[in-house]
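Written below as structure tokens is the structure these notes are about.
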Amino acid sequence: MNESVVASKSAGEACYQIDTDKGRLDIGAIHRFLSESSHWARGIPLAVVERAIEHSLAFGLYRDGAQIGFARVVTDCATFAYLADVFVVAEERNAGLGQWLVETILAYPPLAGLRRWLLATTRAESLYRRCGFAELRPDLRYLERFDAGVYT
């Protein structure tokens, strides 16, 4: 197993890996998914995806060497992390791979012991709850500055 492969498992004939090697990422496939299939980054330009990956910890999910999923983490590696752009391609869903990807990221040694993890979701709340995420504390307010016109 390469140093950058942080988890692997077999299921039947398939071999799955989660890898942090950015050189292994299929940037075109990631961009296509985010810009065409996601509801949160539709229309995102390739240059923005490339810059986001460059400045994040990236986790590729692979089946028999082909990329089937992705997630990235924006972090200071000391106190805080934001989990973003998590996806598994449609034909590989409902096999527990998304949960395995998120749990692997949460256990990744450089991120162990962080005080706060955040994410935003509109459709995968149950997945993230199974991984230990919950509503913000009632005394906290999540604020955002959002520009819907950035990718148009």
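Looking only at distances, a side-chain donor or acceptor of Asp76 sits under 3.5 Å from a matching main-chain atom of Thr79. A distance-only check finds no donor-acceptor pair linking the side chain of Thr20 to the backbone of Ala58 [under 3.5 Å]. Here the side chain of Glu36 pairs no donor or acceptor atom with the backbone of Ser38 at under 3.5 angstrom.
Residue Asn94 places its CG atom among 12 or fewer non-hydrogen atoms of other residues, nucleotides or ligands, all under 6.0 Å distant.
Taking hydrophobic clusters as Ile, Leu, Val, Met, Phe, Trp and Tyr residues chained together by side-chain heavy-atom distances below 4.5 Å, Leu46 shares a cluster with Val48. Transitive grouping of hydrophobic side chains (ILVMFWY, heavy atoms separated by less than 4.5 Å) keeps Tyr108 and Val74 in distinct clusters.
Residues satisfying the side-chain hydrogen bond (donor to acceptor under 3.5 Å, both in side chains) criterion with Ser35, sequence neighbours excluded, are absent altogether. Judged as a ring-ring contact (aromatic ring centres under 6.0 Å, His included), and not counting sequence neighbours, Tyr62 has no contacts. A search for ring-ring contact (aromatic ring centres under 6.0 Å, His included) contacts involving Phe70 returns nothing, not counting sequence neighbours. In terms of the ring-ring contact (aromatic ring centres under 6.0 Å, His included) criterion, Tyr16 has no residue partners (sequence neighbours excluded). Evaluation of the salt bridge (charged side-chain N to carboxylate O under 4.0 Å, His left out) rule for Arg130 yields no partner, not counting sequence neighbours. Residues that satisfy the salt bridge (charged side-chain N to carboxylate O under 4.0 Å, His left out) test with Arg115, not counting sequence neighbours, are absent from this structure.
Residues Glu125 and Glu135 form a side-chain contact, since some pair of their non-hydrogen atoms from C-beta on lies under 4.5 Å apart. Put simply, the side chain of Leu83 reaches to within 4.5 Å of the side chain of Tyr128, judged on heavy atoms. At a threshold of 4.5 Å between non-hydrogen side-chain atoms, the residues Trp40 and Thr122 do not count as touching.
Residue Lys22 comes nearest to His55 through the heavy atom pair NZ-N, 4.4 Å, listed as atom of the first residue, atom of the second, then distance.
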Could you walk me through whether Glu13 and Arg63 pass the salt bridge (charged side-chain N to carboxylate O under 4.0 Å, His left out) check?
CA-CA 10 Å; Glu13 298 288 319; Arg63 177 182 187 201; over 6 Å; no

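The CH2 atom of Trp117 sits 10.0 Å away from the CZ atom of Phe80 when rounded to the nearest 0.5 Å.
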